[in-house]
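Step one of this worksheet: look at the structure below.
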Amino acid sequence: MPNAAAPPPRLATYFHVHLVSDSTGETLNAMARAVCARFDNVLPIEHIYALVRSQRQLDRALGDIEEAPGVVIHTIVDEKLRHALEEGCRRMDMPCIPALDPLVSALSRYLGASTTTRVGAHLRLDTDYFNRMDALNYAIGHDDGQGGQDLDRADVVLLGVSRTSKTPTCIYLAHRGVRAANVPLVPGRPLPDRLFHLNNALVVGLTISPDRLIQIRRNRLLSLKEERESAYIDVDAVRDEIVQARRLYERHSWPVIDVTRRSVEETAAAILNLLHGGHGQVEVLG
């Protein structure tokens with residue numbers, strides 16, 4: 001009996017998602033993307049309305065929502081604005097989802113405490129905020145080997161050959177309040193002596209597959225309109241760079257993270273796990 005014809009590939013589903021926030025909208029945007037990523041062939045068209053704190057701003061958002069029907073997700077705290085948004089969506093027959101309500105309700109029941117109605121309460125200028133700003137300034141001042149003799153203040157120092165996402169990972173960690181420096185491993189260039197005498201900083205080595213690294217470096221050269229071949233993308237030279245880096249990590253028993261298939265967020269999460277869970281031995285995280 002002949003095999004039934006395979007079903008045609010399903011086309012991607014595009015839909016409008018309206019994100020309405022009385023604050024910066026970053027939390028809402030991250031939540032929406034995380035949820036949409038759970039569905040195959042679903043591509044949201046995002047409309048972000050940040051700092052919606054007046055009826056006039058809300059009316060403008062509702063007008064845009066009406067022109068592009070879809071799903072509305074919000075984190076509006078003010079009861080009057082929240083009611084107006086929900087009524088507007090009900091009138092247009094659109095789902096209106098309060099993103100934080102389930103979590104807030106569960107925590108409220110557990111803690112036996114009421115919630116604040118202050119807009120942007122999570123963005124107040126507290127100690128945590130200033131710690132993050134200090135960490136960000138530190139990451140910028142200690143990027144790509146800068147400030148090599150001032151590594152004692154670092155919480156973590158990242159090592160890696162060129163194009164292993166050291167800088168974006170340090171910036172991401174800074175937003176989590178972690179002071180992160182990065183030092184590039186460049187053939188023929190000595191490492192700062194201070195690196196080998198740190199008492200409190202976690203030193204982490206980043207590694208990557210040669211094929212992936214060459215691809216990233218080629219794209220980098222193309223963006224710079226540089227077409228000449230060099231050791232920067234030579235297969236043997238790149239492999240030797242990575243081997244020498246791994247040997248360095250092993251000599252000093254530094255933990256290693258393989259960033260070949262990791263996003264910056266995943267690499268940062270692995271580093272945070274190391275910071276919080278001890279780092280006495282080499283741990284290769286693939």
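- Note: E241 CD to D236 CG = 12.0 Å, rounded to the nearest 0.5 Å.
- At a threshold of 4.5 Å between non-hydrogen side-chain atoms, the residues I45 and V17 do not count as touching.
- Checked by atom type and distance alone, the side chain of E86 never pairs as donor or acceptor with a backbone atom of H83 at under 3.5 Å.
- Looking at every heavy atom in both residues, Y249 comes nearest to L185 through OH-CD1, 3.5 Å.
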Side chain to side chain contact (heavy atoms under 4.5 Å, CB included) between L51 and R53, intermediate numbers included:
CA-CA 6 Å; L51 302 173; R53 299 177 179 177; 3.5 Å; yes
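- For the pair D22 (side chain) and V77 (backbone), a donor-acceptor distance under 3.5 Å is present.
- Smallest separation of non-hydrogen atoms from A68 and H18: O-NE2, 2.6 Å.
- At least one donor-acceptor pair closer than 3.5 Å links the side chain of S54 to the backbone N or O of Q57.
- E226 CD: more than 12 foreign heavy atoms inside a 6.0 Å radius.
- Scanning both residues, G160 and K166, for their nearest heavy atoms gives O-NZ, 3.3 Å.
- Between D152 and R194 a salt bridge is recorded (basic side-chain N to carboxylate O distance below 4.0 Å).
- For the pair S23 (side chain) and G25 (backbone), a donor-acceptor distance under 3.5 Å is absent.
- Put simply, the side chain of T207 does not reach to within 4.5 Å of the side chain of V161, judged on heavy atoms.
- The closest side-chain heavy-atom distance from L100 to M31 is below 4.5 Å.
- Hydrophobic clustering, with ILVMFWY side chains joined whenever heavy atoms are under 4.5 angstrom apart, keeps I171 apart from V157.
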Please walk me through it: do L81 and Q55 pass side chain to side chain contact (heavy atoms under 4.5 Å, CB included)?
CA-CA 7 Å; L81 288 179; Q55 186 63 50; 3.9 Å; yes
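- A donor-acceptor contact shorter than 3.5 Å is absent between the side chain of H252 and the backbone of W254.
- Within 6.0 Å of OH in Y110 there are 12 or fewer heavy atoms belonging to other residues, nucleotides or ligands.
- Each of L28, T27, V20 was evaluated against T75; a single residue qualifies, L28, per the side-chain contact (heavy atoms from CB on, under 4.5 Å) test.
- For the atom pair D234 CG and R239 CZ, the distance stands at 10.0 Å (nearest 0.5 Å).
- Distance check, rounded to the nearest 0.5 Å: OG1 of T24 to CG of N29 gives 9.5 Å.
- In terms of heavy atoms, N182 sits closest to D144 at OD1-N, 2.9 Å.
- If you take CZ on R176 and CG on N131, they are separated by 13.5 Å, rounding to the nearest 0.5 Å.
- Y49 places none of its side-chain heavy atoms less than 4.5 Å from the side chain of L58.
- The OG1 atom of T169 sits 10.5 Å away from the CZ atom of R262 when rounded to the nearest 0.5 Å.
- A heavy-atom distance below 4.5 Å is found between the side chains of D240 and Q244.
- Side chain to side chain, D258 and T260 meet the donor-acceptor criterion of an N or O pair below 3.5 Å.
- Counting heavy atoms from C-beta on, the side chains of S165 and V259 never come closer than 4.5 Å.
- Under a cut-off of 6.0 angstrom, the local environment of CZ in R82 is crowded, with over 12 non-hydrogen atoms contributed by other residues, nucleotides or ligands.
- Here the rule is side-chain contact (heavy atoms from CB on, under 4.5 Å) with L19, and of I73, V71, V72 only I73 fits it.
- Hydrophobic clustering of Ile, Leu, Val, Met, Phe, Trp and Tyr side chains at less than 4.5 Å, counting indirect connections, keeps V238 apart from L222.
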Between H47 and I65, does a side chain to side chain contact (heavy atoms under 4.5 Å, CB included) hold up when you go through it step by step?
CA-CA 9 Å; H47 305 263; I65 292 169; over 6 Å; no
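- For the residue pair T167 / D143, a side-chain donor-acceptor distance below 3.5 Å is found, with atom types taken as modelled.
- Looking only at side-chain heavy atoms (C-beta outward), V183 and L158 stay at 4.5 Å or farther from each other.
- Residues Y172 and I257 fall into different hydrophobic clusters, defined by Ile, Leu, Val, Met, Phe, Trp and Tyr side chains chained together at heavy-atom separations under 4.5 Å.
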Taking it one step at a time, do E46 and R33 satisfy salt bridge (charged side-chain N to carboxylate O under 4.0 Å, His left out)?
CA-CA 9 Å; E46 297 176 350; R33 291 190 175 190; 2.9 Å; yes
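- Of all non-hydrogen atoms in A181 and Y138, the two that sit nearest each other are CB-CE2, 4.0 Å.
- For the atom pair CZ of R220 and OG of S162, the computed distance is 8.5 Å after rounding to the nearest 0.5 Å.
- Contact of the R189 side chain with the P184 side chain is registered, since non-hydrogen atoms from C-beta on lie closer than 4.5 Å.
- Minimum interatomic distance between L85 and C96 (heavy atoms only, all atoms of both residues): CG-SG, 4.1 Å.
- In this structure, S105 contributes its side chain and D101 its backbone to a donor-acceptor pair below 3.5 Å.
- Salt bridge annotation for D134-R153: present, with a cationic side-chain nitrogen under 4.0 angstrom from a carboxylate oxygen.
- Residues V204 and L198 share a hydrophobic cluster, clusters being chains of Ile/Leu/Val/Met/Phe/Trp/Tyr side chains in contact below 4.5 Å.
- I216 and V235 fall within the same hydrophobic cluster, where Ile, Leu, Val, Met, Phe, Trp and Tyr residues are linked whenever their side-chain heavy atoms come under 4.5 Å apart, directly or through other members.
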Pair L202-D155, side chain to side chain contact (heavy atoms under 4.5 Å, CB included): steps then yes or no:
CA-CA 6 Å; L202 167 67; D155 298 311; over 6 Å; no
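- With respect to Q215, the side-chain hydrogen bond (donor to acceptor under 3.5 Å, both in side chains) criterion is satisfied by exactly one of R218, R212, R217: R212.
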